[in-house]
Amino acid sequence: MNEKKRKAHIVLVGFMGTGKSTVCQLLAKRLGYDAVDMDAEIERREGRRIKDIFAEEGEAAFRKAETEALFEILARPDVQIVATGGGAVLAEHNCEAMLKDGYVIALTADAAHIIARVANDTARPLLQGNAAAAVNRLLHERKRAYDFAHLTIDTTDLTPQQVADRIGEGWLQLG
Ligand SMILES: Nc1ncnc2c1ncn2[C@@H]1O[C@H](COP(=O)(O)OP(=O)(O)OP(=O)(O)O)[C@@H](O)[C@H]1O
Ligand SMILES: O=C(O)C1=C[C@@H](O)[C@@H](O)[C@H](O)C1
Ligand SMILES: [Mg+2]
């Protein structure tokens, strides 16, 4: 965290279940910034649930809506804490935009913890059916996808509050 402070949003990236949405709310409260959850924003703009966008129009249509939402969010003038969707990093131009307008923090966790966190949730279309197998396959496919971040925090043995505190302390120390 350095010269990017003040002019940049804090942008949380990471695989599904690493805690982006949860930490976003806690961090926004702690720092007094607005919390923006991209998945919620897409659902609001589209007027339907993410799993329905996937079912009715397919993943490509969702990715297009995701990029549109990301660019609109990043262009807002006030500093925000942004929780991205787990696949928002799959398009290189999305990553470039995040690095330009944000301080990008990647949250990680080991596969077993991710599976335990997301297995019983029906909201994620890419994890329906055998969630553990899907997590392992996608983690492999996305092995390097989150490496572009300015900072990486392994959340495996941390609570969401501890993750938010760690980020918040670093941010506030910069003055
Ligand atoms: N550090 C943590 N320790 C334990 N449970 C956690 C942690 N972070 C998140 N969780 C839990 O895991 C679940 C998924 O968290 P969350 O929705 O914040 O993940 P996400 O990264 O936003 O996922 P997605 O990419 O699908 O939006 C929630 O039930 C949340 O309470
Ligand atoms: O990792 C992904 O590709 C996704 C993660 C979620 O946040 C949602 O954006 C959606 O379920 C897709
Ligand atoms: Mg989320």
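First listed ligand is number 1; within each ligand, the first listed atom is number 1.
- Contact annotation: for Gln162 versus ligand 1, there are no heavy atoms closer than 4.0 Å.
- If you take NZ on Lys51 and CD on Glu56, they are separated by 11.5 Å, rounding to the nearest 0.5 Å.
- One distance of note links CG of Leu127 with CG of Leu138; it measures 6.5 Å at 0.5 Å rounding.
- Inspection of the Thr155 and Arg117 side chains reveals an N or O donor paired with an N or O acceptor under 3.5 Å.
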Starting from the C-alpha separation in whole Å, work towards a yes-or-no answer on salt bridge (charged side-chain N to carboxylate O under 4.0 Å, His left out) for Glu41 and Arg45. CA-CA 6 Å; Glu41 193 86 7; Arg45 290 161 68 112; 5.4 Å; no

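- For atom 11 (O) of ligand 2, the closest non-hydrogen atom of the protein is Pro125 CD, 3.4 Å.
- Residue Glu96 holds its CD atom at 10.5 Å from CE of Met98, rounded to the nearest 0.5 Å.
- One finds the CZ atom of Phe71 at 14.5 Å from the CZ atom of Arg76 (value rounded to the nearest 0.5 Å).
- Inclusion of Val163 in the set of residues having an N or O under 3.5 Å from an N or O of ligand 1 is not warranted.
- Of the protein's non-hydrogen atoms, the one nearest atom 6 (C) of ligand 2 is Asp39 OD2, 3.4 Å.
- Of all atoms in ligand 1, listed by their number and element, those nearer than 4.0 Å to a heavy atom of Phe15 are 21 (O).
- Met16 lies apart from the Mg ion (ligand 3) in this respect, since none of its N, O or S atoms is found at a distance under 2.8 Å.
- Closest protein heavy atom to atom 25 (O) of ligand 1: Lys20 NZ, 2.6 Å.
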Take Glu57 and Lys64, measure what salt bridge (charged side-chain N to carboxylate O under 4.0 Å, His left out) needs, and give me the verdict at the end. CA-CA 11 Å; Glu57 291 183 61; Lys64 191 162 169 280; over 6 Å; no

Test log, rule salt bridge (charged side-chain N to carboxylate O under 4.0 Å, His left out), inputs Glu59 and Arg63: CA-CA 6 Å; Glu59 182 169 350; Arg63 296 297 172 205; 2.9 Å; yes

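- Put simply, part of Thr18 is less than 4.0 Å from ligand 1, judged by heavy atoms.
- For the atom pair CG (Asp39) and CZ (Arg44), the distance works out to 13.5 Å, reported to the nearest 0.5 Å.
- Arg117 O, 3.8 Å is the protein heavy atom nearest to atom 13 (C) of ligand 1.
- Looking only at heavy atoms of the protein, atom 1 (N) of ligand 1 is closest to Leu158 O, 2.8 Å.
- Regarding atom 1 (O) of ligand 2, its nearest protein heavy-atom neighbour is Arg142 NH1, 2.7 Å.
- Applying the 4.0 Å criterion to heavy atoms of Gly85 picks out, from ligand 2, the atoms 7 (O), 9 (O).
- Within 6.0 Å of CG in Asp147 there are more than 12 heavy atoms belonging to other residues, nucleotides or ligands.
- At a heavy-atom distance under 4.0 Å, no atom of Val23 approaches ligand 1.
- Within the listing of ligand 2, atoms 9 (O) sit less than 4.0 angstrom from a heavy atom of Phe62.
- At a cut-off of 3.5 Å, with distance as the only test, no side-chain donor of Gln162 or Arg166 sits close to an acceptor on the other residue.
- When hydrogens are left out, the protein atom nearest atom 27 (O) of ligand 1 is Asp39 OD2, 3.4 Å; that is the closest non-hydrogen contact.
- Within the listing of ligand 2, atoms 2 (C), 3 (O) sit less than 4.0 angstrom from a heavy atom of Leu126.
- For atom 26 (O) of ligand 1, the nearest non-hydrogen atom of the protein is Arg124 NE, 2.5 Å.
- For the ligand labelled ligand 1, residue Pro160 lies inside the 4.0 Å heavy-atom shell.
- Residue contacts with ligand 1, taken as heavy atom pairs separated by less than 4.0 Å, involve Thr159 solely via the backbone atoms N, CA, C and O.
- Relative orientation of the Phe54 and Phe62 rings is tilted, given thresholds of 30° and 60° on the angle between their planes.
- Using a 4.0 Å cut-off to heavy atoms of Thr155, the atoms of ligand 1 that qualify are 1 (N).
- Residue Glu92 places its CD atom among 12 or fewer non-hydrogen atoms of other residues, nucleotides or ligands, all under 6.0 Å distant.
- In this pair, His150 and Tyr103 present their aromatic rings parallel. The plane angle is below 30°, not in the 30 to 60° band.
- In terms of heavy atoms, Thr156 sits closest to Asp110 at OG1-N, 3.0 Å.
- Atom 15 (O) of ligand 1 has its nearest heavy-atom neighbour, among Asp157, Thr22, Val13, in Thr22.
- The nearest protein atom to atom 2 (C) of ligand 2, hydrogens excluded, is given as Gly87 N, 3.3 Å; this is a heavy-atom distance.
- In this structure, the protein non-hydrogen atom closest to atom 5 (C) of ligand 2 is Gly86 N, 3.3 Å.
- Glu66 and Gly85 get closest at one heavy-atom pair: OE2-CA, 4.1 Å.
- Within the set Ala83, Gly19, Ala164, the minimum heavy-atom distance to atom 19 (O) of ligand 1 is found for Gly19.
- Within ligand 2, the atoms closer than 4.0 Å to a non-hydrogen atom of Arg63 are 2 (C), 3 (O), numbered from 1 in the order shown.
- The contact set between ligand 1 and Gly86, taken as ligand atoms under 4.0 Å from a residue heavy atom, comprises 25 (O).
- Of the protein's non-hydrogen atoms, Gly17 N, 3.0 Å is the one closest to atom 23 (O) of ligand 1.
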